[in-house]
Peer 1: 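The structure follows.
The structure presented is a predicted model; accordingly, all values stated were derived computationally and were not measured.
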Amino acid sequence: MWMFSCLLLGPILAQGEDPSVANGELTPPDLPFPPMPSKAVVGPTLADSVNSWPPKRKPLKEDAPNILLIMNDDVGYGAPETFGGPIHTPTLSKVAQHGVSYNRFHTTAICSPTRAFLLTGRNSHNVGAGQITEAASGFPGYTGTIPKSAATLAKVLSGYGYDTAAFGKWHNTPVDDLMKSGPFDQYPTGLGFSYFYGFLAGETSQYNPRLYENTNPIEPPRKPEEGYHLTEDMADQAIKFIRANRALTPDRPFFIYFAPGGAHGPHHVHKEWADKYKGKFDMGWEKLRNITFEKQKAMGWIPNSTKLTPIDPTMVKWKEIPEEQRAFQLRLMEVYAGYLEHTDTQDGKVVEELERQGLFNNTLIIYVLGDNGASAEGIHGTIDELLAENALPSAYQQQMEVLNRDFGGLDALGSQHVDKMYHSSWAWALDTPFKSTKLVAAHFGGMRTPMVMSWPKAKKWKKGSTEKVIKHDPTPRSQFHHVCDIAPTIYEAVGVQFPTRVEGAKQMPLDGVSMVYTWNNVSVKERKSAQYFEVMGSRGVYKDGWFASVFGPRIPWAEANETRMREWNPDTDVWELYDLTRDFSQAEDLAKEMPDQVAKMKQIFLMEATANKVLPIGAGLYTIYYHPEEGPHSPLTEWKLYEGLTRIAESNAPGFHSGQNSLATIDVEISANASGVLYCVGGTAGGFSVYMDNGYLYAEYMSTLLYRYIAKSTTPLQPGTRKIQVRLIFETTKGLGPPADLTLFVDGQQVGWVKVEKSIRLVFDASETFDVGMDLGSPVSLLYQNRTPFKFNGKINLLHVKYINGTSMHTWWCRLIRPTISLGQLLKLDRALLGPYVLPFFLVQSRRTSFIRL
């Protein structure tokens, strides 16, 4: 691990010494600072006393820079026009034209870990963030909780006097904490940000986002019909923050973390943005990749010696797409392109505000194009991204039937009505020139992203010359760096000493290496010697120009291979080896030629993995695949809920997924023609809603947009006090998404029934919530989609939901398929290499589930 010795900018002050110093670089080692001593004279009476406020502490150097840290979501290395790609990215270009760019900058290939790396400056497993929060486990590197010993950038900078704010996606709060009563220590405001405006999930609708302001769930300020879009709203809120800072606290610099949900699925953007790209991708993904590759070389973004890696044999080629399906596949890509350009444009609105305020020159802007590479999670292209996550079949004809019948055809792609994702081969094309995509830690398609920095302030140097802090240079920096190097870079740029304790907690050393040394020296020798990578068993390690890696058990662009997952043995994984000093794109695997170097790199990985809590190998799969019953979930099996209780996270609410037998009893007072939602969970992507309309009682179970099942009472309910019961009983046959009987009762009499042929086995939606008495956010049902939130017009006295027939988090997952893995296979693992680290993980009964949004 790397000690941040380069930031010790002066001697530590003696105890009691005033830390307000002229150069602003000498500060105490602990945060928060102790109170400044009072200079008031206190006598027996006011006549004998002199009032004097303590002097204001000035721990920062004069004219400390503002900081704008931008990071988009799910963007491939070959996507931006700035560096040879097909998608217009004017803001990325603007920042690059004022500063320097980096063409060997890396993330983790997955969401939450990248963000933990970024915000703490430590390796993600080292701070408990080895997996997304929804798939946390008890293994130390995977708890989903950032320890107090790993203070974030925001915590440290706010301690030094910065105004701090985060906007957009925040995927580092444990799902157990997503309650109105907290705890809030893992929310953005608990981790150092003074203000937060965004969403606490892997994704959300851009038209009906599940927003939070600080710790409070709020509704969007406008409706989709009024032109609302979350990324535009985020930019507006960031601009308001800047203006408030300038108006009220102009003496304080600010740190803004701007993290849009774009271009993560669902790909939501208004039609005019997608229309900009009509016809631009008609050549298909292989030719697009070839065009991008040649542009990247021609502009010097990648070395001329770079080789274009071929399509993986398991990927679909453009020629294999039937002619009648191509319009659908092309439109999916056009929408994504418009969405990314739109996202970059909103990033630019914040930059433009800096220019308006005269702040641009003294703002350090760090723009990380994506938290990982382009995402292959759309598999074959889809109108509902949760089809793949829930392992539900989705033929092209079936999707087009729903798209045409319910939403008006291809023009609905990108709208609030569908949660679309493009074909996985488009993701591969956008990761040019590398192999693989997001979720693969073995290849740079999932991990390498363009990054640019600018700080054009003129600074007077010791020799008397005046030059910009970062002088513009179009030649890309090619030193190997990682997202954990951002925090040390900012600390050195600001000129602060990293604290030894924060709020009493002794701080872990920073794992990152400052990149300041590269700003004005393109050829300087890189200072980062080693860096590991790991995502759900896919793994790799960099050391002094060499990179060794393992692909891992999952293929992100293909449906789950049950045999591959069941028989995966980390000890027999095939390792790859690349000499990155000569091979920019990992085109030549040298593992067979250099087995000794492979063995050396494997040992280096094991050392790094041990030191950073990566072990056991595969722990990221434990609750998301093998033992979901042990993952984060509500311990309750019975709930008593009341009208007006809303925004309950799906993970903390009653469950209606495969195998969760339940009985809901509603004590309700209704009038004639009663209408409105009684209770619901989920939204447009999938959900379960019980509602009334014109006196009729409905229960609608939507297993994504393709599978919608509705039970309806045979007659309208009579006015008065009624006891409504909704019973959901799943068949006990093992299998994925087993059928269920959904039955309605009123005052003890059955009034409706429907067979749910395909149930949701994992999650209805990534951010939609459970609501009583209304349906907030995107609507579950088409019947009331134009009447949201469709508040119930009667009175709900009590909603009582309980699991029945022995259902629990453990037993309902046990009903699913149990792949077998023999003890003999496990005992063949090489104990000399991983010994106690792998076996405790695999000596369990395997059970399958799927993958939630990352």
Peer 1: With ring pair (Phe, Tyr, Trp, His ring centres under 6.0 Å) as the criterion, how do Tyr578 and Phe547 come out once you've worked through the C-alpha distance, each side chain's angles and the decisive distance to 0.1 Å?
Peer 2: CA-CA 5 Å; Tyr578 303 98; Phe547 192 87; 7.1 Å; no

Peer 1: Check whether NZ of the Lys or CZ of the Arg Arg527 lies under 6.0 Å from the centre of the six-membered ring of Tyr517 and within 45 degrees of that ring's axis.
Peer 2: yes

Peer 1: Are the charged groups of Glu526 and Arg104 less than 4.0 angstrom apart, N to O?
Peer 2: yes

Peer 1: Report yes if the distance between the aromatic ring centroids of Phe444 and Tyr77 is under 6.0 Å, otherwise no.
Peer 2: no

Peer 1: Going by distance alone, is a donor N or O of one side chain under 3.5 Å from an acceptor N or O of the other, for Ser93 and Thr82?
Peer 2: yes

Peer 1: Check the surroundings of atom NZ in Lys600: do more than 12 heavy atoms from other residues, nucleotides or ligands lie under 6.0 Å from it?
Peer 2: no

Peer 1: Can a donor-acceptor pair be found, under 3.5 Å and without considering hydrogens, that links the side chain of Ser424 to the backbone of Gly378?
Peer 2: no

Peer 1: Between Ser514 and Val516 (side chain of the first, backbone of the second, donor and acceptor by atom type, cut-off under 3.5 Å), is there such a pair?
Peer 2: yes

Peer 1: So for atom NZ, which belongs to Lys297, do other residues, nucleotides or ligands contribute more than 12 heavy atoms lying within a distance under 6.0 Å?
Peer 2: yes

Peer 1: Under 4.0 Å between a side-chain nitrogen and a carboxylate oxygen: does that hold for Lys307 and Glu588?
Peer 2: yes

Peer 1: Please name all residues satisfying side chain to side chain contact (heavy atoms under 4.5 Å, CB included) with Thr145, sequence neighbours left out, ordered by chain then number.
Peer 2: Thr143, Pro174, Gln186

Peer 1: Who passes side chain to side chain contact (heavy atoms under 4.5 Å, CB included) against Ala599, sequence neighbours left out?
Peer 2: none

Peer 1: Which class fits the ring pair Phe551 and His443: parallel under 30°, tilted 30 to 60°, perpendicular over 60°?
Peer 2: tilted

Peer 1: Salt-bridge test for Arg289 and Asp431: reply yes if a basic N is under 4.0 Å from a carboxylate O, no otherwise.
Peer 2: no

Peer 1: Can a donor-acceptor pair be found between the side chains of Asn72 and Thr343 at a distance below 3.5 Å?
Peer 2: no

Peer 1: Any donor and acceptor pair, going by atom type alone, linking the side chain of Asn126 with main-chain N or O of Arg122 inside 3.5 Å?
Peer 2: no

Peer 1: Could you check whether Trp568 and Asp573, counting side-chain N and O atoms only, form a donor-acceptor pair closer than 3.5 Å?
Peer 2: yes

Peer 1: Would you check, one step at a time, whether the test salt bridge (charged side-chain N to carboxylate O under 4.0 Å, His left out) holds for Asp312 with Lys435?
Peer 2: CA-CA 8 Å; Asp312 191 275; Lys435 294 183 279 190; over 6 Å; no

Peer 1: Under 3.5 Å, is there a donor-acceptor pair between the Lys506 and Thr500 side chains?
Peer 2: no

Peer 1: Going by distance alone, is a donor N or O of one side chain under 3.5 Å from an acceptor N or O of the other, for Asn123 and Gln531?
Peer 2: yes

Peer 1: Centroid separation under 6.0 Å, is that true for the rings of Tyr542 and His106?
Peer 2: no

Peer 1: Please check if the number of heavy atoms outside Arg582 that lie under 6.0 Å from its CZ is greater than 12.
Peer 2: no

Peer 1: Using a strict 4.0 Å threshold on nitrogen-to-oxygen distance, state whether Lys169 and Asp73 make a salt bridge.
Peer 2: yes

Peer 1: Please determine, by modelled atom types, if Thr114 and Thr108 share a side-chain donor-acceptor pair under 3.5 angstrom.
Peer 2: yes

Peer 1: Should Asp473 and Arg477 count as an ion pair when the cut-off is N to O under 4.0 Å?
Peer 2: yes

Peer 1: Could you tell me whether the side chains of Glu534 and Tyr532 share a donor-acceptor contact shorter than 3.5 Å?
Peer 2: no

Peer 1: Cut-off 3.5 Å, side chains only: do Thr107 and Asp371 have a donor facing an acceptor?
Peer 2: no

Peer 1: Among all residues two or more places apart in sequence or in another chain, which pass the side chain to side chain contact (heavy atoms under 4.5 Å, CB included) test with Pro90?
Peer 2: His88, Asp344, Thr345

Peer 1: Please determine whether the number of non-hydrogen atoms from other residues, nucleotides or ligands lying under 6.0 Å from atom CE of Met299 exceeds 12.
Peer 2: yes

Peer 1: Could you tell me whether Arg115 sits above the aromatic face of Tyr257, with NZ or CZ closer than 6.0 angstrom to the six-membered ring centre and within 45 degrees of the axis?
Peer 2: no

Peer 1: Would you call the rings of Trp285 and Trp426 parallel, tilted or perpendicular, where under 30° means parallel and over 60° means perpendicular?
Peer 2: perpendicular

Peer 1: Please confirm whether the ring centroid of His125 lies under 6.0 Å from the ring centroid of Tyr142.
Peer 2: yes

Peer 1: Ignoring hydrogens and angles, state whether a donor on the side chain of Trp557 or Thr437 is under 3.5 Å from an acceptor on the partner side chain.
Peer 2: no

Peer 1: Please tell me whether Asn66 and Tyr162 have a donor and an acceptor in their side chains that are separated by less than 3.5 angstrom.
Peer 2: no

